[in-house]
Amino acid sequence: MSAPYKLPAPSTIRSRMLGSVYGLSVGDALGGPNEFQRRGTYTPSGEMEESDTFRTKVGKPLPKGSWTDDTSMALCLAESLRERKGFVWADAAEKCAFIVGLLRAPAEWSVKEKKEKILNKDFSLEDYLAPPAPSNPVPSAALAERLTSTRMRPTHVDETYKTKMVDEIRCSESVVHTLEAALWSLWQTEEGLLNLLPLGEDVDTVGAGYGAMAGAC
């Protein structure tokens with residue numbers, strides 16, 4: 001019979017939590033300049049780069065080391081978890097108002113335009129959501145459903161990623177593809193995140209997932 005699992009010391013847990021946040025932001029910043037690119041059409045340097053994917057309000061590339069909405073959402077969620085000592089949908093949604101903005105922004109905006117406005121803080125929540133009437137407040141369950149699309153919900157990933165070739169790995173916005181790509185990269189221990197950077201698509205999100213897991217190790 002195996003020995004019962006013992007929780008790590010609080011200092012170790014804190015170190016892993018911080019490592020996860022730092023790793024997430026680094027992976028996000030490394031992948032950000034390559035987001036929306038098609039694999040095979042560019043060669044990443046493996047270093048922090050200016051991001052021509054998104055630009056500042058004055059039209060300049062984002063500076064080296066700039067994170068994207070993935071780190072922003074993670075930091076807002078972390079703040080909510082710390083303040084509420086648990087997961088409270090309404091509070092998390094309020095702190096991550098730009099998530100709602102992404103979902104409810106004008107349909108003619110492309111994903112790139114939406115994210116660029118978020119990174120430049122060029123919108124307010126009120127622009128996209130009318131406040132609920134006092135007599136009919138939006139319940140937390142309904143808010144959770146509105147903020148959570150099918151492709152964002154956690155879905156099972158089996159261990160077949162261990163034997164996949166790079167051509168079989170996707171970096172799409174699917175949560176299954178994101179998790180599988182991050183785990184695949186962790187399994188390729190020699191190169192790690194550098195294996196992901198040439199894959200394009202939503203590589204900043206995959207980089208964030210990889211960094212979060214690697215940083216917690």
Side-chain angles (χ1 to χ4, degrees), residues 1-8 12-13 15-49 53 67-75 77-78 81 87 92 96 99 102-103 111-112 115 144-145 147-217:
M1 182 176 180
S2 60
Y5 176 75
K6 293 183 179 180
L7 287 173
T12 303
I13 293 177
S15 176
R16 290 185 176 186
M17 290 172 64
L18 289 174
S20 182
V21 173
Y22 291 146
L24 183 150
S25 60
V26 170
D28 183 20
L30 280 168
N34 304 312
E35 188 176 9
F36 304 121
Q37 302 276 7
R38 293 181 60 185
R39 71 174 67 185
T41 63
Y42 67 100
T43 303
S45 67
E47 305 289 341
M48 292 292 180
E49 302 176 14
T53 304
W67 63 56
T68 76
D69 57 308
D70 299 306
T71 300
S72 298
M73 287 187 282
L75 293 175
L77 178 58
L81 292 170
F87 186 56
C96 297
I99 301 177
L102 269 177
L103 298 179
V111 173
K112 177 181 180 298
K115 289 191 174 186
E145 183 64 26
L147 293 178
T148 311
S149 67
T150 302
R151 71 180 182 185
M152 292 169 64
R153 292 173 184 153
T155 309
H156 177 68
V157 175
D158 59 35
E159 293 191 2
T160 58
Y161 67 85
K162 294 180 178 179
T163 58
K164 287 189 174 182
M165 304 298 290
V166 65
D167 291 343
E168 301 175 273
I169 298 300
R170 290 287 309 278
C171 290
S172 75
E173 292 181 336
S174 161
V175 69
V176 176
H177 292 160
T178 297
L179 182 56
E180 182 179 69
L183 288 170
W184 172 83
S185 187
L186 278 170
W187 191 250
Q188 314 294 319
T189 54
E190 290 186 3
E191 297 296 331
L193 182 57
L194 297 181
N195 283 319
L196 293 173
L197 294 181
L199 303 188
E201 296 185 90
D202 197 27
V203 68
D204 62 323
T205 304
V206 179
Y210 169 90
M213 290 188 285
C217 294

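Values below: every heavy atom of this structure, side chains too, minus hydrogens, waters and symmetry copies.
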Mind checking what makes side-chain contact (heavy atoms from CB on, under 4.5 Å) contact with [X], not counting sequence neighbours?
X	result
Y42	N34, Q37, P44
T160	D158, K164, E180
A214	L186, Y210
T163	none

(message) As a quick check of understanding, evaluate side-chain contact (heavy atoms from CB on, under 4.5 Å) for W184 and V166, giving each step before the final call.
(response) CA-CA 9 Å; W184 172 83; V166 65; 3.9 Å; yes
Give me the atom names and distance for the closest heavy-atom approach of [X] to [Y].
X	Y	value
L193	G207	CD1-CA, 3.7 Å
D70	A208	CB-CB, 4.3 Å
A181	I169	CB-CG2, 3.6 Å
L77	A92	CD1-CB, 4.3 Å

(request) Compare all side-chain heavy atoms of L24 with those of W67 and state whether any distance is below 4.5 angstrom. (result)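 Not touching, per the 4.5 Å side-chain cut-off.
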(request) With the side chain counted from C-beta on, respond yes when E159 and L183 share a heavy-atom pair under 4.5 Å apart, and no when they do not. (result)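 The answer is no; the side chains never approach within 4.5 Å.
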[atom1] of [X] to [atom2] of [Y]: how many Å apart, nearest 0.5 Å?
X	Y	atom1	atom2	value
S172	H177	OG	NE2	4.5 Å
L199	C171	CG	SG	4.5 Å
R170	T178	CZ	OG1	10.0 Å

(request) Begin with the C-alpha distance, continue with both residues' side-chain angles, and end with the deciding distance and a verdict on side-chain hydrogen bond (donor to acceptor under 3.5 Å, both in side chains) for D69 and S72. (result) CA-CA 5 Å; D69 57 308; S72 298; over 6 Å; no
(request) Among L194, N195, V206, find the residue that satisfies the side chain to side chain contact (heavy atoms under 4.5 Å, CB included) test when tested with S185. (result)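 Testing S185 for a side chain to side chain contact (heavy atoms under 4.5 Å, CB included) against L194, N195, V206 leaves exactly one candidate, N195.
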(request) For Y22, enumerate each residue passing the ring-ring contact (aromatic ring centres under 6.0 Å, His included) test, keeping only those at least two apart in sequence or located in another chain. (result)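 Result, ring-ring contact (aromatic ring centres under 6.0 Å, His included) vs Y22: none returned.
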Sequence neighbours excluded, which residues qualify as side chain to side chain donor-acceptor pair (under 3.5 Å) partners of [X]?
X	answer
T41	none
E49	S45
D28	T68, T71
S20	none

(message) I'd like to check the salt bridge (Lys or Arg N to Asp or Glu O under 4.0 Å) partners of R39; sequence neighbours left out, ordered by chain and number.
(response)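 Residues passing salt bridge (Lys or Arg N to Asp or Glu O under 4.0 Å) with R39: none at all.
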